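Structure below; questions to follow.
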There are 2 protein chains.
Amino acid sequence: MISVSKENHLKAIFHLQQEKGLVTTNELAAALQTRPASVTDMLKKLKDQKLLIYERYKGFKLSGEGKKAAVQVIRKHRLWEYFLVEKLQFGWEEVHEIAEELEHISSKKLVDRLDAFLGHPETDPHGDPIPDSQGRIHSRRQVCLAELPLNREVQVTGIASQTAEMLEILQHNHIRLGTRLEIKKKFPFDESLEVKIRNRPLVTISAQVAKNVLVKDDEPLAEKR
Amino acid sequence: MISVSKENHLKAIFHLQQEKGLVTTNELAAALQTRPASVTDMLKKLKDQKLLIYERYKGFKLSGEGKKAAVQVIRKHRLWEYFLVEKLQFGWEEVHEIAEELEHISSKKLVDRLDAFLGHPETDPHGDPIPDSQGRIHSRRQVCLAELPLNREVQVTGIASQTAEMLEILQHNHIRLGTRLEIKKKFPFDESLEVKIRNRPLVTISAQVAKNVLVKDDEPLAEKR
DNA sequence: AATTAAATTTAGACAAATCTAAATTAATTT
DNA sequence: AAATTAATTTAGATTTGTCTAAATTTAATT
Ligand SMILES: [Mn+2]
Ligand SMILES: [Mn+2]
Ligand SMILES: [Mn+2]
Ligand SMILES: [Mn+2]
């Protein structure tokens, strides 16, 4: 059986190995707010269950099975977040904690029914893609605002680092998920940007903020045949 | 903290003590499908947390605190069951197991939002009352069909024992929650009943079935001033 | 009242998940 | 290459929840 703690480990490993291929013990311990020794203990158990490819001192990554399990947890997490925001009127900053619990409810049928009830949403309230029932993830061509060319209207689809301070400044500038905006001017001196938000006046944002705002071209997919 | 296992114990004790005032170790072990020795272990922990009034060999019952905690778990259980049936199209016979997990999600705000989202339902899909946010339970004047007088139209509000066999026979006779019916004839020989279901032909049901069908007078509460 | 049976608790064990402190291996610096 | 530092693992302990088997208490019978 895959316990709650194992699911949390699988999910964290999945996210960490997206960046670099292999994950290290210390990284995982930091991500899970636990101790390296505890991680090592868990790694052995996951390896025994063939969910993890792991040799001591060598780093590790999920097996095919492990990846499948992790994606199902992520699917549940994001669907529940969507439910909390869209149906129960929660703010997007308060749903993560609750979804951290809900993601461990085991019924597969429940998840699929929830998915249908919500109308098969593509992304969670933070703009992250929701894996489908078979574990496929529609990866999105997301770029960070800092890398966007001038005068190209896009939609905000994600926030990379969600600290309270970060959210505060976004709120202040009327930037949130779904906001449509384009870059009007870039200042090489400090790499700050002047941004036009649809239906709003111009605002200036710093390079630090721009790096954390993820956007996607707004083009409707079906239109292009 | 109140763990999942503790919550399950509190809830089971609450239900058992409704009938008789005091609960016994064996009873609780049977209800939870565990061993008497395990129950004793847990009783000590619950007593230490002042959730339980307990003296060894003497039986036990919930303290005020314990009752409060149990009712909150029951509230969550029944709200989630309602959600599963009304929003996710589950059958009433398949929701209990899933709610057994969902009832342990801790966020109080989540429960209250869910309650509002569902329109503050009064009873769960099995006809059992849903405690309100403050833990108040609107107790219902439920009687079993076997005790109902002739020619009094009532509404089915609960099924006492929900085995698959039981549900099959009810399904066959078109009796379900909310069904309006009245007793037309009682046969003393075997205590079977002839029942008229609103908008349907007469059916005959056995004493065994009648004992497990719970009904409530249909009178609208507000009308009586 | 003595005996037997049933219910309950205690004693001791085990698995899961975590921790601290110490040992080991790997990586980095001199 | 040797020494130092950092990362990782092992050893041993702890907590929680559960179990079996044995002991104890209470209840029921003879
Ligand atoms: Mn979690
Ligand atoms: Mn999210
Ligand atoms: Mn439960
Ligand atoms: Mn119910």
Side-chain angles (χ1 to χ4, degrees), chain A residues 1-14 16-17 19-62 66 69-70 73 100-101 103-106, chain B residues 1-14 16-17 19-62 66 69-70 73 100-101 103-106:
Chain A
M1 268 292 79
I2 304 188
S3 65
V4 166
S5 181
K6 279 176 188 162
E7 287 191 341
N8 285 334
H9 279 76
L10 292 175
K11 187 167 63 111
I13 297 168
F14 182 92
L16 289 171
Q17 77 180 25
E19 340 252 301
K20 323 142 133 230
L22 281 184
V23 184
T24 71
T25 303
N26 273 2
E27 268 171 9
L28 184 53
L32 288 171
Q33 311 229 78
T34 183
R35 297 301 178 160
S38 309
V39 166
T40 302
D41 289 341
M42 188 58 86
L43 294 179
K44 289 181 199 159
K45 294 173 199 165
L46 294 176
K47 186 189 178 182
D48 288 349
Q49 281 185 259
K50 302 197 194 304
L51 296 166
L52 193 71
I53 292 157
Y54 165 58
E55 304 260 3
R56 73 203 182 306
Y57 291 108
K58 299 281 187 180
F60 47 89
K61 63 179 179 184
L62 296 178
V73 179
E100 204 56 49
E101 286 184 55
E103 71 190 358
H104 304 290
I105 303 294
S106 57
Chain B
M1 268 294 79
I2 303 188
S3 65
V4 167
S5 181
K6 278 175 188 164
E7 286 191 341
N8 284 334
H9 279 76
L10 292 175
K11 187 167 63 112
I13 296 168
F14 182 91
L16 289 171
Q17 77 180 24
E19 340 252 301
K20 323 140 132 235
L22 282 183
V23 184
T24 71
T25 303
N26 274 0
E27 267 171 10
L28 184 52
L32 288 171
Q33 311 231 76
T34 182
R35 297 301 177 159
S38 309
V39 166
T40 302
D41 290 340
M42 189 57 86
L43 295 179
K44 289 180 199 159
K45 294 173 197 162
L46 294 175
K47 186 189 179 181
D48 288 349
Q49 281 184 261
K50 302 198 196 303
L51 297 166
L52 193 70
I53 292 158
Y54 166 58
E55 303 259 5
R56 73 204 181 306
Y57 291 108
K58 299 283 187 180
F60 47 89
K61 62 179 180 186
L62 297 177
V73 178
E100 204 56 49
E101 287 184 55
E103 71 189 358
H104 304 290
I105 303 294
S106 58

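For clarity, every value in this text was computed on a predicted model and none was experimentally measured. Note on naming: letters A, B, ... go to the chains in the order of the sequence lines (proteins, then strands), and numbering restarts at 1 for each one.
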Passing option when B/Leu28 is tested against B/Thr34, B/Val39, B/Thr40 for side-chain contact (heavy atoms from CB on, under 4.5 Å):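 Answer after filtering B/Thr34, B/Val39, B/Thr40: B/Val39.
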
Given D/dG17, D/dC19, C/dA17, identify the nucleotide with an atom nearest to the side chain of A/Ser5.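 Shortest atom-to-atom distance from the side chain points to C/dA17.
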
Closest non-hydrogen atom pair between A/Ala29 and A/Pro36, with its separation: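 Reported closest heavy-atom pair: CB-N, 3.7 Å.
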
Rounding to an integer number of Å, can you tell me how far B/Met1 CE sits from D/dG17 C1'?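 Checked: the CE to C1' distance equals 17 Å.
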
I need the NZ-C1' distance between A/Lys20 and D/dA7, as an integer number of Å.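 Going from A/Lys20 (NZ) to D/dA7 (C1'), I get 13 Å.
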
Where is the tightest heavy-atom contact between B/Glu101 and A/Ser106, given as atom of each residue plus distance?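 In this case the closest contact between B/Glu101 and A/Ser106 is OE2-OG, 2.6 Å.
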
If I take atom CG in residue B/Leu10 and atom P in nucleotide D/dG17, what distance separates them, rounded to the nearest angstrom?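 That distance rounds to 12 Å.
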
Whole-Å distance separating the CD atom of B/Glu7 from the P atom of D/dG17: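 The distance from CD of B/Glu7 to P of D/dG17 comes to 11 Å, rounded to the nearest Å.
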
Between D/dT9, D/dG17, C/dT8, which nucleotide has the shortest distance from any of its atoms to the side chain of B/Thr25?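 My answer, after comparing the listed nucleotides, is C/dT8.
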
Could you state the CG-P distance from A/Leu22 to D/dA7, rounded to the nearest angstrom?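 These atoms are roughly 16 Å apart.
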
Interatomic distance where CG belongs to B/Asp41 and P belongs to C/dT10 [whole Å]: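 Distance, rounded to whole Å: 9 Å.
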
Look only at the side chain of A/Gln17 and the backbone of A/Leu62, and say whether a donor-acceptor pair between them is shorter than 3.5 Å.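 Between the backbone of A/Leu62 and the side chain of A/Gln17 there is a qualifying donor-acceptor contact (under 3.5 Å).
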
At a heavy-atom distance below 4.0 Å, what parts of residues 43-61 of chain B sit against DNA chain D?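 By residue number: B/Lys45, B/Tyr57.
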
On DNA chain C, does the nearest nucleotide to A/Ser38 precede the nearest nucleotide to B/Pro36 from the 5' side, or the other way round? Give the residue.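 With A/Ser38 and B/Pro36 compared, the 5'-side residue is B/Pro36.
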
Of the listed nucleotides (D/dT9, C/dT10, C/dT18), which one gets closest to any side-chain atom of A/Thr34?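 Among the listed nucleotides, the one closest to the side chain of A/Thr34 is C/dT18.
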
side-chain contact (heavy atoms from CB on, under 4.5 Å) with A/Ile2: which of A/Leu51, A/Val73, A/Leu46?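 When A/Leu51, A/Val73, A/Leu46 are each tested with A/Ile2, the side-chain contact (heavy atoms from CB on, under 4.5 Å) holds only for A/Leu51.
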
Figure out the NZ/C1' separation between B/Lys6 and D/dT18, and round it to whole Å.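 That distance rounds to 14 Å.
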
Nearest heavy-atom neighbours spanning B/Tyr54 and B/Gly59: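 Scanning both residues completely, I find the closest heavy atoms to be CD1-O, 3.9 Å.
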
Taking the side chain as C-beta and beyond, is there a heavy-atom pair between A/His104 and A/Asn8 under 4.5 Å?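 Contact flag for A/His104/A/Asn8 side chains = yes.
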
Spacing of B/Arg35 atom CZ relative to D/dT18 atom P, expressed in whole Å: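 Value for this atom pair: 13 Å.
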
Does a side-chain heavy-atom distance below 4.5 Å link B/Arg56 with B/Lys47?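 No. Closest side-chain heavy atoms not under 4.5 Å.
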
What contact category does A/Thr40 fall into here, base, sugar-phosphate, or nothing, at under 4.0 angstrom with non-hydrogen atoms?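 Touches a base.
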
For residues A/Val23 and A/Ile13, report the shortest heavy-atom separation together with the two atoms involved.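 The pair with the smallest heavy-atom distance is CG2-O, 3.9 Å.
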
Polar-atom pairs under 3.5 Å, protein N or O versus N or O of nucleotides 3-6 of chain C: list them with distances, or write none.
none

B/Met42 side chain, from C-beta outward: closest of C/dA17, D/dC19, D/dT18: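 Among the listed nucleotides, the one closest to the side chain of B/Met42 is D/dT18.
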
